Amino acid sequence: MNTLGGDDDGVLIAGGGHAGVQVADSIRAADPDVAITILDDNIVVPYQRPPLSKSLYAGPIDPLPLRPQEFYARARIRVQQGDPVTGIDVAGHAAILRSGKRLRYRDLILATGARPRQAILPGADLRGVHYLRTVEDAAALQTELGTLQRLTIVGGGFIGLEVAASAAAKGIQVTLLELAPRLLARSISVQSSTWLEQRHRNSGIDFRLGTSAAQVLERDGRVAGVITTDGGAIITDAVLIGIGSQPNIELAASAGIGAGRDGVPVNEYLRTSNPAVWAVGDCAAFPFGASRALRRIESVQNAIDQARRAGTNVVAASRGQALTSYGEIPWFWSQQGTVKIQIAGLADAGSCHVFERRYHDNKLSYLLVQGGRLVAVESLNAPADHLAARKLLAASKPIDITRAVDPDVPLTALLSAASEPQLAG
Ligand code: FAD
């Protein structure tokens, strides 16, 4: 047996993204002694993903590090890159790397993130078809955007819309195909969706709703057009596919944890069915809300807050102390051209009453209310509303909707000063 580098009483973290780096940081803050190793399949220093879809026109794509290089040495966190974890020997408490090395662990944290969902259609592998998840993807897309005139985007999710808005602002003819009848149908209310669609249409984006790509056409070995599922044809120079992502669960599944699920199932402490294995971030499905149904959330907030909670729980468990449940209010942001969208809370918009709080046409929030309680706030160029909304949601009190929709009443005024909660992050 080739056992190298691991510590029987140490922590191994599979994945060096937002969640993996934060969990290492949080464990070190709670335990100055435990050995911590991040195992990441990348060869690039752990970096932030959000700028990849927002900075395509802001100069060369350089990875924005999650922490300065010296952080890892100072915190005594080993980072081993380019040799992914390919298996887990749960009985032997060891991670198996692609190189064949075995590293022993006391606790293993899965922070393996997600990858773009691949489109299965003829021509999807042609030159000029792009996905956007990594710094390499962003660099390739940026090079392409520098020369093309027409871009077709498949999928009206956040990444597709962010790229669509910046490309359209640079004069590129953008066509966006979305299978659902509206944009961001799974993430925001009809009201926000309609407002956003109108804004983007005014900027020149050609939306084709209720349709998707059926085939990518080729000329001279690269993309030349797209045939849509409703029989239309679009001439294009490149295609960006943004149809969602799928969690990297194979590692957990191969160890008998959550095979076939959308995410690695964890309990409220972010622990899997194996007490020595935890999961956080994009790859984890955790019990959410009143129903406690397992849910996977893809956001920086979720990755970081879960990592913080898992970090303190890993240390508490090693000391036989009580664990603390994860229950942060989710929040998310997206920058689409000149529109800043911020969402606090998570709601099934279809079952909510939606109230508008409008300052003017370009700055407003939609308040989603269920059973007299605020469950989510979608702020469109209204960052102060977003911050106040996070506090209001954390307070979880019935709200006075007449005051809440009045833009002359700050949303924070709806909190009683005595019970104002602190925001994390
Ligand atoms: P990841 O960041 O995916 O990190 C997982 C890491 O694990 C990767 O480095 C991966 O290579 C590695 N890995 C996978 N398998 C293995 C293995 N077997 N062994 C070793 N390493 C492995 N969120 C927001 O809140 N706001 C935004 O504006 C926003 N914009 C985004 C823009 C883009 C282009 C993308 C792609 C995402 C964006 N997100 C945004 C989402 C956010 O980046 C993710 O939710 C976040 O990165 C999740 O962090 P994570 O650590 O769970 O996963």
Side-chain angles (χ1 to χ4, degrees), residues 48-61 64 116 130-133 137-178 180 182-209 234 236-244 298-300 331-344 356-366 377-387:
Q48 315 227 14
R49 292 194 196 280
L52 300 180
S53 48
K54 300 169 184 70
S55 314
L56 288 163
Y57 289 99
I61 302 283
L64 185 62
H130 294 262
Y131 291 85
L132 183 50
R133 178 86 193 173
D137 295 340
L141 182 60
Q142 185 184 57
T143 305
E144 191 96 85
L145 289 173
T147 58
L148 58 75
Q149 290 172 347
R150 291 159 297 207
L151 172 67
T152 298
I153 298 180
V154 182
F158 287 106
I159 291 176
L161 287 168
E162 288 181 357
V163 175
S166 32
K170 292 288 174 188
I172 291 175
Q173 200 179 310
V174 179
T175 306
L176 190 146
L177 311 176
E178 168 54 55
R182 65 179 180 91
L183 301 176
L184 297 167
R186 283 179 299 126
S187 309
I188 59 177
S189 63
V190 175
Q191 289 80 347
S192 287
S193 193
T194 306
W195 182 89
L196 196 60
E197 182 187 331
Q198 197 51 57
R199 292 286 307 223
H200 287 319
R201 281 195 192 277
N202 293 346
S203 310
I205 300 174
D206 176 10
F207 288 112
R208 312 274 176 96
L209 301 177
I234 300 162
T236 197
D237 304 316
V239 172
L240 170 66
I241 297 178
I243 53 172
E298 292 173 18
S299 75
V300 169
W331 57 267
F332 182 84
W333 84 97
S334 171
Q335 186 71 45
Q336 298 177 15
T338 56
V339 179
K340 188 175 195 75
I341 303 169
Q342 292 164 295
I343 304 166
E356 184 179 86
R357 175 180 165 88
R358 182 179 288 257
Y359 298 85
H360 51 74
D361 284 352
N362 194 32
K363 176 178 172 179
L364 63 164
S365 292
Y366 287 107
V377 176
E378 300 163 354
S379 300
L380 304 160
N381 296 326
D385 279 4
H386 173 70
L387 288 177

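Only heavy atoms go into these numbers, but all of them, side chains included; no hydrogens, no water, no symmetry mates. Note that this is a predicted model, so its numbers are computed, not measured.
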J.: Evaluate the side-chain proximity of Leu148 to Arg150: yes if any heavy-atom separation is below 4.5 Å, no if none is.
T.: no
J.: Residues in side chain to side chain donor-acceptor pair (under 3.5 Å) with Glu162, at least two apart?
T.: Ser53, Lys54, Ser334
J.: Could you pull out the closest heavy-atom pair between His386 and Ser379, with the gap in Å?
T.: N-OG, 3.5 Å
J.: Can you see which heavy atom on Ala165 is nearest to which on Gln336, and at what distance?
T.: CB-C, 3.5 Å
J.: Would you mind reporting whether Pro116 and Ile241 have side-chain heavy atoms less than 4.5 Å apart?
T.: no
J.: Is any side-chain heavy atom of Asn362 closer than 4.5 Å to one of Trp195?
T.: yes
J.: Taking all non-hydrogen atoms of both residues, which atom of Ser189 and which atom of Glu378 are closest, and how far apart?
T.: OG-OE1, 2.6 Å
J.: Please verify the inter-ring angle class for Phe158 with Phe332; under 30° counts as parallel, over 60° as perpendicular, anything in between as tilted.
T.: tilted
J.: Arg182 side chain to Thr194 main-chain N or O, any donor-acceptor pair under 3.5 Å?
T.: no
J.: More than 12 heavy atoms of other residues, nucleotides or ligands under 6.0 Å from CD of Gln191: is that the case?
T.: yes
J.: Kindly give the heavy-atom pair with the smallest separation between Pro50 and Trp333, and that separation in Å.
T.: CB-CZ2, 3.7 Å
J.: Starting at CD1 of Ile243, measure out to CD1 of Ile159 and round the result to the nearest 0.5 Å.
T.: 12.0 Å
J.: To the nearest 0.5 Å, what is the distance between CD1 on Ile343 and OG on Ser192?
T.: 7.5 Å
J.: Which pair of non-hydrogen atoms, one from Gly337 and one from Gln335, has the smallest distance, and what is that distance?
T.: O-NE2, 3.0 Å
J.: Do the side chain of Thr147 and the main chain of Glu144 share a donor and acceptor less than 3.5 angstrom apart?
T.: yes
J.: So do Leu161 and Phe207 actually touch side chain to side chain, heavy atoms under 4.5 Å?
T.: yes
J.: Looking at side-chain heavy atoms only, is the closest gap between Arg49 and Arg133 below 4.5 Å?
T.: yes
J.: Name all residues meeting the salt bridge (Lys or Arg N to Asp or Glu O under 4.0 Å) criterion together with Arg357; count only those two or more places apart in sequence or in a different chain, and write none if there are none.
T.: Asp385
J.: Checking the side chain of Gln142 only, and the main-chain atoms of Gly59 only, is there a donor and an acceptor separated by less than 3.5 Å?
T.: yes
J.: Donor-acceptor pair, distance only, cut-off 3.5 Å: does the side chain of Ser193 make one with the backbone of Leu183?
T.: yes
J.: With a 4.5 Å cut-off on side-chain heavy atoms, are Thr338 and Arg199 touching?
T.: yes
J.: Once rounded to the nearest 0.5 Å, what's the spacing between atom CD1 of Ile341 and atom CG of Leu184?
T.: 6.5 Å
J.: Is there side-chain contact between Leu141 and Leu56, with heavy atoms separated by less than 4.5 Å?
T.: yes
J.: Output all residues satisfying side chain to side chain contact (heavy atoms under 4.5 Å, CB included) with Ile153, sequence neighbours left out; order by chain, then residue number.
T.: Leu151, Val163, Ala164, Val174, Leu176, Leu240
J.: Is any side-chain heavy atom of Leu145 less than 4.5 Å from a side-chain heavy atom of Lys170?
T.: no
J.: Within this structure, what is the CD1-CD distance for the pair Ile205 and Gln173, rounded to the nearest 0.5 Å?
T.: 12.0 Å
J.: Working to the nearest 0.5 Å, report the span between CG of Leu380 and CD1 of Ile188.
T.: 7.5 Å
J.: Looking at Ala382 and Tyr359, what are the two nearest heavy atoms and their distance?
T.: CB-CE1, 4.2 Å
J.: Just verifying a value: how many Å separate Asp361 CG and Asn381 CG, rounded to the nearest 0.5 Å?
T.: 11.5 Å
